[in-house]
Amino acid sequence: MSSPIIRVHWLNESRAFKVLWLLEYLKLDYEIIPYMRDEGRRAPESLKKIHPLGRSPVVEVEDRATGKKKVLAESGYIFQYVLQHFDPKGSLNNADPDKAEEIQYYLHYAEGSMMPPFFIEYLLSMVRNATPFPLSYLTGKVADKISERYSRGETKNQLDFLEGQLSKNQGYLVGGKLSAADILICLPLQMAFSRKTADAKDYPHIDKWLNTVTSDAAYKVAKEKAQANGGKF
């Protein structure tokens, strides 16, 4: 039975990178269909032809024999589908049922609990930088108050949680080895460190983990492909 055609609808400066890393690690053949953000940093309307929400990542899986296509959206679901259908040896899963469930938890946690406060902090930073003086003083005060009341503390809560998990799992999120959970969660934490939301001295286990997982050969190949299609690191 021939393997299906896999197409990654890639948006520059998006979280679609983690899908490339996942597919590279599993040594799967895939195509990249690139899209570029517009001046307002929005995805182009053409992405809505693939999925009505027009967001990335989106993955198409096409049966070579019948031409039937399945469109996969939402990072956690994409990862879950790929693990189920394209990782028969469980190289990014775990043979222990309890640990496999932990990995499934992280696939939901990443976009459910973790990303919202990180994204709000990012939006607030854009508000502070986009407004000209003297309005910037007022908008900065409002942004700081929102951050103080919700996103800053909740971001710290997420970082403290992950620091604790890494400290007791032999340097990885689950079972002392690289799993789909590490790949899915890596990019938001890289962004947190680069944007100074987190500091390596406060989160040494996260810092060490980031250095470890980004030294993976599949990560480096995915990064090269991302850069060739407009990705920035």
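FYI, the numbering just counts along the sequence from 1. Note that the coordinates shown come from a computational prediction; the quantities given were computed from them, not determined experimentally.
S147 places no side-chain N or O within 3.5 Å of a backbone atom of D144 that could act as its donor or acceptor partner. Remark: side-chain polar atoms of D202 are not paired, donor with acceptor, to backbone N or O of A198 under 3.5 angstrom. Under a 3.5 Å cut-off, the side chain of K156 and the backbone N or O of T197 do not form any donor-acceptor pair. For the pair E163 (side chain) and I206 (backbone), a donor-acceptor distance under 3.5 Å is present. In this structure, the side chain of D87 engages the main chain of L92 through a donor-acceptor pair within 3.5 Å. A donor-acceptor pair is defined here as one N or O able to donate and one able to accept, closer than 3.5 Å; such a pair exists between the side chain of R64 and the backbone of S3.
Under the side-chain contact (heavy atoms from CB on, under 4.5 Å) rule, T155 has a single partner from F118, F119, Y150, which is F118. When the options K70, K68, K69 are evaluated for a salt bridge (Lys or Arg N to Asp or Glu O under 4.0 Å) with E60, the one that passes is K69.
When side chains are defined from C-beta on, L159 counts as touching L189, because their heavy atoms get closer than 4.5 Å. The closest side-chain heavy-atom distance from R195 to E121 is not below 4.5 Å. You'll find the side chain of P57 stays beyond 4.5 Å of the side chain of S14, heavy atoms only. Residues Y172 and S179 form no side-chain contact, since every pair of their non-hydrogen atoms from C-beta on lies 4.5 Å or further apart. Residues V61 and H85 form no side-chain contact, since every pair of their non-hydrogen atoms from C-beta on lies 4.5 Å or further apart. Using a 4.5 Å heavy-atom threshold, the side chains of S56 and V8 count as separate. Using a 4.5 Å heavy-atom threshold, the side chains of P34 and N12 count as separate. Residues F86 and I6 meet the side-chain proximity criterion, which asks for heavy atoms closer than 4.5 Å.
The CG atom of L26 sits 5.0 Å away from atom OG of S91, with the distance rounded to the nearest 0.5 Å. A distance of 12.0 Å separates CD1 in I120 from OG in S125, rounded to the nearest 0.5 Å. Here CD1 of I103 is found 11.5 Å from CG of D98. Values are rounded to the nearest 0.5 Å. Expressed to the nearest 0.5 Å, how far OG1 of T212 lies from OH of Y219 amounts to 13.0 Å. In this structure, CZ in R41 is found 10.5 Å from CE in M36, a value given to the nearest 0.5 Å. Atom CD1 in I185 sits 6.5 Å away from atom CH2 in W209 (nearest 0.5 Å).
Among all heavy-atom pairs drawn from G54 and L47, the shortest one is O-CD1, 3.8 Å. In plain terms, the two heavy atoms of L166 and L173 that are nearest each other are CD2-N, 3.7 Å. The shortest heavy-atom contact between L11 and P44 is CD1-CD, 3.9 Å. Of all non-hydrogen atoms in K99 and V174, the two that sit nearest each other are O-CG1, 3.5 Å. Nearest heavy-atom pair, A100 versus N94, reported as atom, atom and distance to 0.1 Å: CB-O, 3.6 Å. Between S75 and L184, the closest heavy-atom pair is CB-CD1, 3.9 Å.
Not counting sequence neighbours, H205 has no partner by the ring pair (Phe, Tyr, Trp, His ring centres under 6.0 Å) test. With sequence neighbours left out, A218 forms a side chain to side chain contact (heavy atoms under 4.5 Å, CB included) with W21, E24, Y25, D216.
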Legend entry - Full working for side-chain contact (heavy atoms from CB on, under 4.5 Å) between L162 and M114: CA-CA 10 Å; L162 292 169; M114 181 184 177; 3.9 Å; yes
Inset, instruction - Determine, stepwise, if the pair I183 / F79 fulfils side-chain contact (heavy atoms from CB on, under 4.5 Å). - result: CA-CA 10 Å; I183 292 176; F79 270 59; 3.7 Å; yes
Inset, instruction - Start with the C-alpha gap between E154 and Q158, add the side-chain angles, then the distance that decides, and say whether side-chain hydrogen bond (donor to acceptor under 3.5 Å, both in side chains) holds. - result: CA-CA 6 Å; E154 186 55 32; Q158 302 301 325; 2.6 Å; yes
Inset, instruction - Could you go through the side-chain contact (heavy atoms from CB on, under 4.5 Å) check for Y203 and D160 one step at a time? - result: CA-CA 8 Å; Y203 299 101; D160 290 347; 3.0 Å; yes
Inset, instruction - May I have the step-by-step check of side-chain contact (heavy atoms from CB on, under 4.5 Å) for L20 and W10, ending in yes or no? - result: CA-CA 9 Å; L20 303 190; W10 159 269; 3.8 Å; yes
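Within a 6.0 Å sphere centred on CG of N211, heavy atoms belonging to other residues, nucleotides or ligands number more than 12. Residue-environment remark: CZ (R42) stays at or below the threshold of 12 foreign heavy atoms within 6.0 Å.
Residues V58 and L28 fall into different hydrophobic clusters, defined by Ile, Leu, Val, Met, Phe, Trp and Tyr side chains chained together at heavy-atom separations under 4.5 Å. M115 and L107 are assigned to two separate hydrophobic clusters, defined by single-linkage of ILVMFWY side chains at heavy-atom distances under 4.5 Å. L72 and I50 fall into different hydrophobic clusters, where Ile, Leu, Val, Met, Phe, Trp and Tyr are joined by side-chain heavy atoms under 4.5 Å apart, directly or via other members. Tracing side-chain contacts under 4.5 Å through hydrophobic residues (I, L, V, M, F, W, Y), one reaches Y77 starting from Y105; they form part of the same cluster. No continuous path of hydrophobic side-chain contacts links L22 to I33 [ILVMFWY only; heavy atoms under 4.5 Å].
Between Y109 and F161, the gap from one ring centroid to the other is short of 6.0 Å.
Between R55 and E111, no side-chain nitrogen of the basic residue sits less than 4.0 Å from a carboxylate oxygen of the acidic one, so the salt-bridge criterion is not met.
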